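Note that the coordinates shown come from a computational prediction; the quantities given were computed from them, not determined experimentally.
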Amino acid sequence: MTNEIINRIANSQLKTIDLEDYYPKGERTVIDIKHWLFQELILKENDFREHLKNHDWSQYKNHFVALTCSSDAIIPSWAFMLIATLISPFSKKVIIGNLKELETSIFQEIIENLNLEEYQDKPVIIKGCSNKPIPETAYIKLIEKLQPVVKSIMFGEACSTVPLFKRIN
């Protein structure tokens, strides 16, 4: 009689999703436009346009960019739109907000475009440990996307998971 060790996890239909695998390369940059305002509070159109014209937008090549204004200035929508026309040819993505909102936007797009064919009717583990800044909302979006498709969803590692969902047929 042989005492062969059988790896039941490796032989199961269990699928693991690690959002870290989808983390896109590219520098994350915040541009604070308050420095382009008069006394960091008032947008004077001619001065603002002059600052934008003299700014080197190519430095944001392949960057993910969050546009913000950290002062209490009231910024018209067209100001951010104007910046977007200048930076978009260089950057990978531009949003209005902070770094957390930028990561959330990046992952929302990634999850919307995920192909779930390989997870159809399978038990799935969403890997929990990450060395990259995966936003909490990404996990929620992933649950929303997976739940109609998979047999079950667990969170953690194959050796220690927390059950989250099980489809009842």
Side-chain angles (χ1 to χ4, degrees), residues 15-120 122 124-150 153 155-157 164-165:
K15 295 285 189 180
T16 300
I17 297 178
D18 185 353
L19 286 177
E20 192 172 71
D21 293 343
Y22 297 96
Y23 191 84
K25 291 180 181 173
E27 192 167 336
R28 274 64 169 168
T29 304
V30 175
I31 298 176
D32 189 348
I33 69 166
K34 79 174 184 180
H35 307 293
W36 298 332
L37 306 177
F38 176 70
Q39 296 181 347
E40 296 187 348
L41 284 173
I42 300 165
L43 190 147
K44 289 184 170 181
E45 184 176 350
N46 288 338
D47 294 347
F48 185 73
R49 286 181 180 272
E50 190 64 28
H51 283 290
L52 298 184
K53 186 174 96 176
N54 294 324
H55 192 75
D56 177 16
W57 298 103
S58 67
Q59 67 182 305
Y60 306 108
K61 186 170 179 61
N62 296 320
H63 285 222
F64 294 92
V65 179
L67 302 174
T68 192
C69 183
S70 62
S71 70
D72 286 335
I74 297 171
I75 307 297
S77 299
W78 64 261
F80 290 113
M81 294 167 66
L82 181 58
I83 294 169
T85 66
L86 299 167
I87 199 170
S88 290
F90 302 102
S91 65
K92 289 184 177 181
K93 183 175 194 67
V94 180
I95 66 143
I96 298 172
N98 57 34
L99 283 177
K100 185 177 180 180
E101 292 164 322
L102 178 61
E103 290 297 341
T104 297
S105 178
I106 290 168
F107 270 92
Q108 182 172 353
E109 191 174 309
I110 288 167
I111 291 167
E112 284 173 5
N113 293 316
L114 272 181
N115 181 353
L116 300 181
E117 220 172 272
E118 69 177 290
Y119 304 106
Q120 183 73 42
K122 303 258 185 345
V124 173
I125 295 176
I126 299 172
K127 190 171 179 202
C129 298
S130 179
N131 295 318
K132 296 195 167 104
I134 309 297
E136 292 292 318
T137 55
Y139 293 102
I140 303 302
K141 286 287 177 199
L142 185 58
I143 292 285
E144 290 176 342
K145 180 105 175 174
L146 286 171
Q147 197 165 344
V149 175
V150 301
I153 301 172
F155 181 74
E157 302 292 328
L164 300 175
F165 164 78

Query raised in the report: Has the side chain of Ser88 got a donor or acceptor atom that lies under 3.5 Å from a matching backbone atom of Thr85?
Result: no
Query raised in the report: Tell me, do Ile143 and Leu164 make a side-chain contact under 4.5 Å, heavy atoms counted?
Result: yes
Query raised in the report: Between Ser70 and Asp32, does any side-chain donor sit less than 3.5 Å from a side-chain acceptor?
Result: yes
**Report entry** Step-by-step side-chain hydrogen bond (donor to acceptor under 3.5 Å, both in side chains) determination, His55 to Gln59
**Finding:** CA-CA 9 Å; His55 192 75; Gln59 67 182 305; 3.3 Å; yes
Query raised in the report: Which is it for Ile106 and Phe64 under the side-chain contact (heavy atoms from CB on, under 4.5 Å) test, yes or no, and what are the steps along the way?
Result: CA-CA 8 Å; Ile106 290 168; Phe64 294 92; 3.4 Å; yes
Query raised in the report: What distance separates Phe165 CZ from Ile126 CD1, expressed to the nearest 0.5 Å?
Result: 11.0 Å
Query raised in the report: Honestly, is Arg28 close enough over Tyr60, meaning NZ or CZ under 6.0 Å from the six-membered ring centre and within 45° of the axis?
Result: no
Report task. Might you work through the side-chain contact (heavy atoms from CB on, under 4.5 Å) test for Leu114 and Leu142, ending with a clear yes or no? Result -> CA-CA 9 Å; Leu114 272 181; Leu142 185 58; 3.7 Å; yes
**Report entry** Glu136 atom CD, neighbour heavy-atom count above 12 within 6.0 Å
**Finding:** no
Query raised in the report: Does a donor on one side chain and an acceptor on the other come within less than 3.5 Å for Glu144 and Tyr139?
Result: no
Report summary line: Of all heavy-atom pairs linking Ala66 and Leu102, the shortest is N-CD2, 4.1 Å
Query raised in the report: Mind checking what makes side-chain hydrogen bond (donor to acceptor under 3.5 Å, both in side chains) contact with Gln108, not counting sequence neighbours?
Result: Glu112
Query - Minimum heavy-atom distance Pro89-Ala84, with the two atoms named - result: CD-O, 4.4 Å
**Report entry** Contact check, side chains of Lys100 and Pro135, non-hydrogen atoms, under 4.5 Å
**Finding:** no
Query - Flag side-chain contact, heavy atom, 4.5 Å: Lys122 against Val150 - result: no
**Report entry** Working for side-chain contact (heavy atoms from CB on, under 4.5 Å), residues Ile75 and Ile33
**Finding:** CA-CA 9 Å; Ile75 307 297; Ile33 69 166; 3.9 Å; yes
Requested in this report: List in chain and number order the residues that pass side-chain contact (heavy atoms from CB on, under 4.5 Å) with Leu67, two or more places apart in sequence or in another chain; answer none if no residue qualifies.
Outcome: Ile31, Val65, Phe80, Ile83, Val94
Query raised in the report: Going by heavy atoms in the side chains, are Phe107 and Leu19 under 4.5 Å from each other?
Result: yes
**Report entry** Residues, nucleotides or ligands: over 12 heavy atoms within 6.0 Å of Asn113 CG
**Finding:** yes
Query raised in the report: For the side chain of Lys61 and the backbone of Lys92, is there at least one donor-acceptor N/O pair under 3.5 Å apart?
Result: no
Report summary line: In this structure, CZ of Phe48 is separated from CG of Leu82 (nearest 0.5 Å) by 6.5 Å
Query raised in the report: So how far is it from Ser105 OG to Ile110 CD1, rounded to the nearest 0.5 Å?
Result: 9.5 Å
Query raised in the report: Taking atom CG of Asn54 as the centre, does the number of heavy atoms from other residues, nucleotides or ligands within less than 6.0 Å exceed 12?
Result: yes
Query raised in the report: Could you give the distance from CG (Asp18) to CD (Glu157), rounded to the nearest 0.5 Å?
Result: 8.0 Å
Report task. Tell me, with the steps shown, if Glu101 and Ile95 meet side-chain contact (heavy atoms from CB on, under 4.5 Å). Result -> CA-CA 8 Å; Glu101 292 164 322; Ile95 66 143; 3.9 Å; yes
Query raised in the report: Roughly how far, to the nearest 0.5 Å, is OG1 of Thr104 from CG of Leu99?
Result: 10.5 Å
**Report entry** Contact check, side chains of Glu45 and Trp78, non-hydrogen atoms, under 4.5 Å
**Finding:** yes
Query - Straight-line distance of Asp21 CG to Ser130 OG, nearest 0.5 Å - result: 9.0 Å
Query raised in the report: Side chains of Val124 and Leu146: closer than 4.5 Å at any heavy-atom pair?
Result: yes
Query raised in the report: Is there a donor-acceptor pair closer than 3.5 Å between any side-chain N or O of Glu40 and the backbone N or O of Leu37?
Result: no
Report task. May I ask you to decide if Ile87's main-chain N or O and Ser91's side chain share a donor-acceptor pair within less than 3.5 Å? Result -> yes
Query raised in the report: Is any side-chain heavy atom of Tyr22 closer than 4.5 Å to a side-chain heavy atom of Ile111?
Result: no
Query - Ring centroid separation His51 to Phe38 under 6.0 Å - result: no
Query raised in the report: Do Leu52 and Leu86 come within less than 4.5 Å of each other through their side chains, counting heavy atoms only?
Result: yes
Query raised in the report: Salt bridge between Glu20 and Lys127, side-chain N to carboxylate O under 4.0 Å?
Result: no
Report task. Please report the closest heavy-atom contact between Ile134 and Ala138, naming both atoms and the distance. Result -> CG2-CB, 4.0 Å
